[in-house]
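Encoded as structure tokens, the structure appears first; notes follow it.
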Amino acid sequence: MTISSYNPADPSDLVVSVETPGAFGTAAAVERARAAQAGWVKLGAAGRAAALGRAADAVEAHAEELAQLTVREVGKPLAEARGEVARTAAIWRYYAQAPYAPSGAVHEPAAGEGLLLTRRRPYGVAGLITPWNFPLAIPVWKAAPALAVGNTVVLKPAPEGTACALRIAELAGLPEGVLTVLPGGAEEGNALVSAADVVSFTGSTAVGQAVIATTTARGIPVQAEMGGLNAAIVLPDADIAQAAAHLAAAIAGYAGQKCTATSRVIAVGDAYEPLAEALAKALAGSPASDPAEPGTACGPVINEAALTRLTGAVDSARAAGAVVLTGGTRPERPGWYFEPALLEDVPAGHPLLVEEYFGPVAVLLRAADLDEAIAIANSTRHSLATSVHTRDLDTALAAADRLDAGMVRVNAPSSGVDFHLPFGGAKSASYGAREQGQAVLDFYTASRTVTILPAGSPR
Ligand code: NAD
């Protein structure tokens with residue numbers, strides 16, 4: 001079989017078309033990666049650190065090429081695409097230090113002489129399954145820590161991000177079998193999670209649940225980061241102009257196709273009216289435009305199915321009595337464009353309030369006070385990131401404690417990630433260990449305890 005990816009801004013532009021390996025070819029690639037692992041470990045800390053550092057250099061040396069490919073393949077606006085490239089290089093460089101980190105600790109025995117050691121060892125082959133929305137950064141934020149601690153990697157990227165994944169692996173230039181990219185879809189993904197020794201998944205909740213089921217049945221470690229239905233809470237004391245600008249970025253930036261994008265805006269008390277006006281204006285000022293233009297914030301959505309689902313949701317909400325304050329239409333131009341939308345009076349239980357739409361659409365909701373705002377924010381299982389907009393530190397800290405979310409951001413858009421800190425959601429948005437930061441190095445290694453007694457010891 002072959003898979004192809006197309007430019008969302010110009011669906012007649014075929015970006016790449018490649019053969020897929022199928023289930024059999026996937027299993028064979030995992031075996032080749034397993035055979036390469038001993039050699040990769042043998043390179044030692046200095047060898048692996050140097051290799052990851054060279055991967056960072058290569059990204060920097062091809063930064064503009066990678067940014068343009070990202071714009072073309074997934075419709076990411078140019079400014080954000082350049083940001084993703086810079087972050088990808090930084091992630092390689094950050095984890096290039098990790099091989100030098102201690103891999104264990106020495107302890108005193110509880111009784112008698114001897115030495116107790118804990119050592120963390122790599123599992124073998126890390127099977128990585130990634131979505132298309134960060135087609136460079138997500139593959140690297142999984143691969144770099146897995147490689148740093150001595151695993152080899154087989155990566156199955158989303159079909160829509162195939163060219164980006166192939167190019168980033170090619171530029172890394174790692175030894176044969178150390179970082180393999182397998183283009184493909186569900187068949188290859190399923191074969192990979194059925195053969196790898198440790199699995200890291202990012203994608204939709206439904207697929208994530210299937211990956212968790214397969215890997216837990218096999219008894220291998222798995223982490224999964226899935227979809228979000230993220231809220232923003234705006235208190236009456238907030239700087240409304242700043243909040244509206246941050247929310248517009250979190251709703252419409254990259255056409256809302258970030259797991260941390262805001263889709264529910266909860267205005268508390270008197271914040272409602274001024275926020276509704278300022279936010280509708282800010283969204284109208286960020287129309288869906290050509291992602292190749294440096295000033296564009298909202299490009300196209302990924303494909304026709306996504307566009308059809310979005311327009312259908314807005315139409316059904318309108319039919320159910322919702323008011324569309326701005327956007328929600330498809331502009332007259334080729335490409336999968338959808339004008340950023342803000343709706344109010346959406347009836348409780350409407351799919352826009354229950355499911356992730358992964359597009360530039362948000363619902364404005366009213367809360368009497370902070371308690372009610374937190375209850376609304378927490379009323380979903382898809383609890384990834386929440387933003388809180390207030391000038392009051394006590395309110396911000398109270399909200400940060402009481403919100404069910406992996407990430408709480410104060411006076412900032414819900415979207416945004418610092419790769420050197422743990423990243424992940426709460427409830428059904430996340431399963432297993434956190435990604436990123438130093439925490440993930442433990443995920444890609446198993447701890448073993450070694451007891452050494454003096455030779456001839458009676459014990
Ligand atoms: P998706 O779930 O459709 O696909 C994700 C990956 O899983 C792809 O590589 C796909 O080919 C693969 N896959 C599909 N079926 C499979 C199967 N049966 N077994 C194994 N693998 C399979 O998601 P997508 O459309 O590529 O990405 C968008 C989704 O990703 C959104 O829900 C978004 O919220 C989520 N996401 C989450 C995070 C996070 O960190 N929480 C980050 C980015 C994206």
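Whatever order the structure lists ligands and atoms in, that order sets their numbers, starting from 1. In this text, all values refer to a predicted model and were calculated from it rather than measured experimentally.
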Taking atom types as modelled and ignoring hydrogens, do the side chains of Y254 and E84 form a donor-acceptor contact shorter than 3.5 angstrom?
no

Would R93 and E60 pass as an ion pair if we require N to O under 4.0 Å?
yes

Is E31 atom CD crowded by more than 12 heavy atoms from other residues, nucleotides or ligands, each under 6.0 Å away?
yes

Tell me which residues fall inside the under-4.0 Å heavy-atom shell around ligand 1.
I129, T130, P131, W132, N133, I138, K156, P157, A158, P159, G185, A186, G189, N190, F201, T202, G203, S204, V207, V211, E225, M226, G227, C259, E356, F358, L384, F423

Contacts of R54 that satisfy salt bridge (charged side-chain N to carboxylate O under 4.0 Å, His left out) - sequence neighbours left out
none

Hey, is CD on E65 packed in by over 12 heavy atoms from elsewhere, all under 6.0 Å?
yes

Can you name the one residue among L279, V363, L365, L343 that meets side chain to side chain contact (heavy atoms under 4.5 Å, CB included) with V265?
L279

